[in-house]
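Worksheet: the structure to be examined is printed underneath.
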Amino acid sequence: MITLTIDGRKVEAKKGETILQAARRAGLYIPTMCYLTKVKPIASCRLCVVEVEGADGFILSCQAPALDGMEVRTNSPELFSHRQNIMKLYDVNHPLECGVCDKSGACDLQNKTLEFGVDTQEFSARDHKRDLRKWQFIGYDESLCILCEKCVHVCNEVIGDDAIEIHYGGYNSRIQPKGTEELECTNCGECIAVCPVGAMISTDFQYKANAWELEKIPATCAHCSAGCALNYERKYEGALEKNEPKIYRVTNEFEFSTLCGAGRFGYDFENRVAGRDEAAFKKALEAFRKADTIRFTSRITNEEAMILQRLKEKYGYRLVNKDAGNYRKFLEAYATMSGKSLFNGSLESLADADGIIVLGTRILTDNPAVRYHITMASKRHNARVVYMHPMEDEEMKNVVTQFVKYEVGTEEGVLALLAKTMLEGKIDVKKIEGFLKDLDEGYLSAESNVGEEELEAVKTSLARCRRIALVVGEDCINHPRATQIARLAALFERFGGISVLPVAPKTNSLGVALICDLDDESEGYTIGYNTPGDFVLSSLGEGDLDMPALNQQEGTFTTLNKRVVPTNVALPFKGYVLNDIANALGVEAEFTIDYTERLPKEKGFEAVRFDDIPYYFSNSEGEVRGYELRRLKHGVDSSLEDIAELPEFNGPILYRCDPVLQFGPQTYRASQLEGEEPVLYGAQQFAVAAKLQEGMRVRVNVGGVEMERVFKIDPTLKGTIALNPTFDLGLSEDLLSSNYRYSQSKIEVVGQANE
Amino acid sequence: MSLEQFKDRNVAQNYTFIPVDEPPVEPLDKFKQVVKRTFKGELFVGLWVVFREMVRFNIHTVKYPMEKLPISPRYRAVHKLYRLLESGNERCIGCGLCEKICIANCIRMDTRYDENQRKEVTEYTINLGRCIFCGYCAEVCPELAIVHGQRYENASEQRAHFVLRDDILTPLDFLKEGKQEEFDGFGAVSPNADERIKKTPTAY
């Protein structure tokens, strides 16, 4: 630790920390305009200057490292006038349209202009015509831009899209799409979030409400298993409407957390009901009395899962949840090899890694948060990223250092080969050593198409890395040989000191897997909760009894990061909730959140009341949200099965994969995302193999669910695998969620797209 | 002006003090005062004055519903929404400051991004049933778009009538006839506003 003095106060700093970081952690204020905690110092605003005893001139506190015994002054008349001048320069020709600007009230430029008392202007410049640009979700008003470069850096260093850049030209400088005419990116909207002025704006939100009118409801994103922190911002629905609130936008604490486009733009998936439908409720109770099975998805809270588990204990229902069931089996198998009840990886360890292997997931669309952490690792630590998948992902090429293509279905073999490459010599258990020694490398290499040189390249590439992370995706979790794959993945944790992160397929797959005692198959009369069934409880508004959507509920989620995080009610729900049904059936609790402290301790949960779960952000601690699950000891079984014969997939293959911004029926309900057309994207090669042409309307049958798609050729794709989305299938989406993602389905042409 | 002077509220007002006798203390004196006041016949003097004026038809009261007294421009009655004199567009830019400052929470508005890339106010309501006519909205309005009018009669049979925007917005024909009078009451620009403005330099 280093001790320095800032404004006469002794402040402790870690080695390598900057003066600004040390000051902020100690709660001391240094004004900044362009500083963003999660990216490298941008140093474009020069507002963070400080005086250091013994040094000439001003020093940029965002870049200068804190040194032992340093004496820093953050304020003096000279500094004040320097900063005031900077603000005056920012204000030159800045349009005086605060009255209509979306940022007004939450604007850094407004705040700092007032803070430094800019009441006169001595500077001037001749202005010229500045453009107003609008892309699908994002708009850019050049005249409002102060060129702090936060958006460019966050896009490059955190998101990884690298879609925007600065067009340098003195006073003509502006932000522009990089390399393209129009903005082509994953539409995460993080540039909107970090913009200190109203230059980058959400086109949907623009001019709809003001920052100060909106009430912020801190919650957790309900779309994928990353469970990112977000604020639902709500206001009354319309001036003449009744007093019901409506969500106007979603924001995030962008200094510390990141949000993807689905979270930011897909927020109004609520299920609005007029009131309590007593007749439907009675029918629901009847259905529960005669039901044998409750089938549900993982898009529920931990508390609801707990209620279902209690109902099972009382009435002996079969609880069926296919994707969580697969994940549970994967984790159980994993635990028998790793010796711990949970995996060791986390998003933080991922961002901190200097070597990353991604296996069996199209991570860009499967889990944007994981992708952002990979990007951060790549940009901060120059991490080597090995991306192993049957399909190359064009948009990941900014961070991927090596792409390893393997044949569909051979994940088991690939992981075994990888284990042999990475772990040989590190394993001290005879049985496993023997297993790796006896691997039939020739066969595995031939079948999986992963050559020895490629593995050797992976090995050399990662040889110098000290903190390696392995991301295991849904292809492995829903693989027919998932248990064996899990045990192979656990070898990396146990012997390689590698942090392994299996990406949970849905919002609360981990929570459900831990809380519910799941059965394999449905039997008899089935109640479906957001899935098809004989009686359907649905938060999508298409069932027999309406349930609240996840933005209308309070409760907790268990994220893939092994954290239990709280979410709050953004919009009221007037109907019945699952707890009402449980109460009527004799499983009693006043509120759903009463179950939060009753979550099973033997699985690693803590007995914390819902209201006591922390949710805040601070300069010293960053994001403090929820608590981490405890990893418990688990019995170890070191025997490994032989590698099964690797399957062969020939001809055109469909890969279940939703496009960016879509995560299933929930996002598809959101007003900004509902327009998306389900398109089957394939390469030219796929079109030839499947005898399709661009623009054809096709009918495919995957796992018994029929769907119609428009086929389009995506020139960035290669091979005979096409991306088949399932977000538009409503309740039926769940029927496919646990299948192996690749399938060879019959594709039938039914017409043309425009028919 | 010094603070002392500022606090002296008797400036420029020539008050004269009316000599008032000490009130009686003794019971006898009190009794005498009552008798004196009762039988002095002042009551009849007053009645006579009323009768005399009635006969002369020299009436000084205002016949209220038919006649109304002129009121000060600073009077704060039912609001008006003004239009721009030339274009006839609404002055309101939808900044939301009135909504924010309203302490009775009775102003609401809806805005949107319109076809001309401007912020358009699609709905604007003031719940006059809740409004306390404090005048903050008019004072805060940067565009002099919302002002206080002088229509103080706002009884109605329905609460819904208290919120209509069309009632307070200057009608277009009214504007064309030049009947929208510039407001110089609460929140209006001060007479010497021009002198007080510092101009932004333009070096070119």
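Throughout, protein chains are lettered first and strands after them, A, B, ... in sequence-line order, and every chain is numbered starting at 1.
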Verify the neighbour count for atom [atom1] of [X]: are there more than 12 heavy atoms of other residues, nucleotides or ligands below 6.0 Å?
| X | atom1 | value |
| --- | --- | --- |
| E86(B) | CD | no |
| W48(B) | CH2 | no |
| F80(A) | CZ | yes |
| R272(A) | CZ | yes |
| L172(B) | CG | yes |
| E181(A) | CD | no |
| R52(B) | CZ | yes |
| F44(B) | CZ | no |

Minimum-distance pair of heavy atoms, taken over all atoms of T125(B) and L240(A):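 That closest heavy-atom pairing would be CG2-CD2, 3.1 Å.
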Taking every non-hydrogen atom, the tightest pair across E99(B) and E213(A):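 E99(B) and E213(A) have their closest heavy atoms at OE1-OE1, 2.8 Å.
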Residues of residues 129-152 of chain B with any heavy atom under 4.5 Å of a heavy atom in chain A: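 None at all.
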Closest-packed option against chain A by number of heavy-atom pairs under 4.5 Å, given K119(B), E120(B), R112(B), E123(B):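 Top count of heavy-atom pairs under 4.5 Å with chain A: K119(B).
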Straight-line distance of L97(B) CG to S104(A) OG, nearest 0.5 Å: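 Spacing of CG (L97(B)) from OG (S104(A)) equals 7.0 Å.
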L132(A) side, atom CG; Q117(B) side, atom CD - distance, nearest 0.5 Å: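 Those atoms lie 5.0 Å apart.
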Side chain, backbone, both or neither of Q206(A) within contact of chain B (heavy atoms, under 4.5 Å):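 Answer is both: backbone and side chain atoms of Q206(A) are under 4.5 Å from chain B.
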Partner residues of I168(B) under the side chain to side chain contact (heavy atoms under 4.5 Å, CB included) criterion, sequence neighbours left out: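 Side chain to side chain contact (heavy atoms under 4.5 Å, CB included) list for I168(B), sorted by chain: V78(B), L81(B), I126(B).
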Any pair counted as ring pair (Phe, Tyr, Trp, His ring centres under 6.0 Å), so long as it reaches residues 183-207 of chain A, sequence neighbours left out: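 Ring pair (Phe, Tyr, Trp, His ring centres under 6.0 Å) check on residues 183-207 of chain A returns Y207(A)-Y113(B).
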Under 3.5 Å donor-acceptor, D110(B) side chain and G238(A) backbone: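 No.
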Part of residues 134-148 of chain A lying next to chain B, heavy-atom separation under 4.5 Å: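 Against chain B, the residues of residues 134-148 of chain A that fall inside the cut-off (heavy atoms, under 4.5 Å) are K134(A).
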